[in-house]
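Counting begins at 1 with the first residue of the sequence. Computed from heavy atoms alone, side chains included, the values below leave out hydrogens, waters and symmetry copies.
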Amino acid sequence: MGRLNLLMALALSVFSVGIVLMPDLASAQLRTNYYANTCPNVESIVRNVVNQKFKQTFVTVPAVLRLFFHDCFVGGCDASVMVSSTPGNKAEKDHPDNLSLAGDGFDTVIKAKAAINANSRCRNKVSCADILALATRDVIQLSGGPWYPVELGRLDGFTSKASNVEGKLPKPTFNLNQLNSMFASHGLSQGDMIALSAAHSVGFSHCDKFSNRIYNFSPRSRVDPTLNKQYAAQLQGMCPRNVDPRIAINMDPKTPRTFDNNYFKNLQQGMGLFTSDQVLYTDRRSKGTVDFWASNSKSFQKAFITAMTKLGRVGVKTGRNGNIRFDCGRLN
């Protein structure tokens with residue numbers, strides 16, 4: 001009986017791994033040398049633009065990173081978040097959950113698209129979706145994170161509707177079950193989710209996104225008890241009641257301009273800004289991963305590369321399901 005159970009467990013294990021690793025037909029067409037014959041210099045062109053934007057403002061880093069994540073989680077990585085609204089259509093970017101996306105993210109992709117199109121060999125041959133994926137890798141590396149090869153071959157989506165955004169992006173108040181469920185719907189594991197959460201190592205947040213944790217958490221406790229008391233006092237100082245909602249603060253209070261594993265060290269000290277950050281440490285199911293990556297930067301970076309690669313495969317458009325936009329902000 002014991003041997004039978006073992007064999008069944010092994011079979012289920014192999015079967016479940018097969019499900020996780022089996023790519024859909026669209027993402028299977030992605031490859032790192034996709035533009036080798038049509039625009040061989042695409043990576044250096046994008047990198048040059050990103051470098052220039054990075055020198056102008058560090059906001060470029062979290063702006064591009066958030067733009068990529070918000071794009072991929074709503075209808076797949078197809079640059080639909082780039083599209084502007086028209087009188088007849090309210091686009092994704094104008095949904096309330098996307099209004100906080102910084103303009104520097106959009107500007108980076110638009111400028112990279114222009115630089116690519118200035119090359120006669122490359123004109124109208126590189127999708128906005130691929131440009132965003134490349135720019136995301138570049139801002140991560142420029143801020144101290146790992147370099148990784150970017151799979152290319154995504155096409156741009158045909159639609160962009162604000163109504164499609166509702167319920168598709170994680171909220172700052174999410175618990176572990178809610179986070180796991182949302183990420184799992186895109187083929188991402190709990191480990192992928194925790195690794196991707198470390199993007200908050202270089203982000204900014206408006207005070208209203210976490211004010212409940214420092215002023216009215218619950219009837220029993222005005223301040224969230226999982227929040228470091230000294231950190232809570234600092235947050236109250238930076239975000240007093242009725243503060244201008246446009247005021248933003250660093251999500252990582254210690255190394256806000258470096259993409260690193262300090263995000264996990266902050267969680268160990270009760271300094272995760274959102275409930276959805278701190279829960280990764282307070283929930284025993286994810287605490288071990290946080291502890292491990294807090295003490296092992298190389299393992300975290302390896303996991304982050306895996307997670308970003310998987311994220312970049314979400315809902316990609318190929319063949320007749322997409323096209324290459326002439327203008328990233330408008331559908332062809």
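Screening residues 206-227 for ring-ring contact (aromatic ring centres under 6.0 Å, His included), with sequence neighbours left out, gives no hits. Among pairs with a residue in residues 240-250, those fulfilling salt bridge (charged side-chain N to carboxylate O under 4.0 Å, His left out) read D244-R246, at least two apart in sequence or across chains. For residues 221-232, every residue pair satisfying the salt bridge (charged side-chain N to carboxylate O under 4.0 Å, His left out) rule, not counting sequence neighbours, is listed here: R213-D224. Each disulfide bond (SG atoms under 2.5 Å apart) pair with one or both residues in residues 210-308, not counting sequence neighbours, appears once here: C207-C239.
Taking Ile, Leu, Val, Met, Phe, Trp and Tyr as hydrophobic and joining them when side-chain heavy atoms fall under 4.5 Å apart, one finds V83 in a cluster with L331. Hydrophobic side-chain contacts under 4.5 Å tie V243 into a cluster, directly or through other members, with I247.
Electrostatic pairing of R137 and E43 counts as a salt bridge here, judged by a charged N lying under 4.0 Å from a carboxylate O. Here D107 pairs with K111 in a salt bridge; the nearest charged N to carboxylate O distance falls below 4.0 Å.
Here D71 contributes atom CG and K93 contributes atom NZ; the two are 12.0 Å apart, rounded to the nearest 0.5 Å.
Of the possible polar contacts, one joining the N175 side chain to the Q178 backbone as a donor-acceptor pair under 3.5 Å is found. Distance alone, capped at 3.5 Å, is enough to place a donor-acceptor pair between the N117 side chain and the N124 backbone. A donor-acceptor contact shorter than 3.5 Å is absent between the side chain of T275 and the backbone of T173. Counting only distance, with no hydrogens or angles, the side chain of E151 and the backbone of G312 share no donor-acceptor pair below 3.5 Å.
Ring geometry for F69 against F183 counts as tilted: the plane angle lies between 30° and 60°, on a 0 to 90° scale. The aromatic rings of F73 and H186 sit tilted, their planes meeting at an angle between 30° and 60°.
Annotation: cation-pi geometry not satisfied between K317 and F158 (NZ/CZ under 6.0 angstrom from ring centroid, within 45° of ring axis).
Within the 4.5 Å cutoff, the side chain of T255 has no heavy atoms near those of the V202 side chain. When side chains are defined from C-beta on, M251 counts as touching D277, because their heavy atoms get closer than 4.5 Å.
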Exercise for the section: For R285 and D283, run salt bridge (Lys or Arg N to Asp or Glu O under 4.0 Å): C-alpha distance rounded to whole Å, both residues' side-chain angles, the deciding distance at 0.1 Å, then the answer. Expected result: CA-CA 5 Å; R285 293 172 293 171; D283 194 305; 2.8 Å; yes
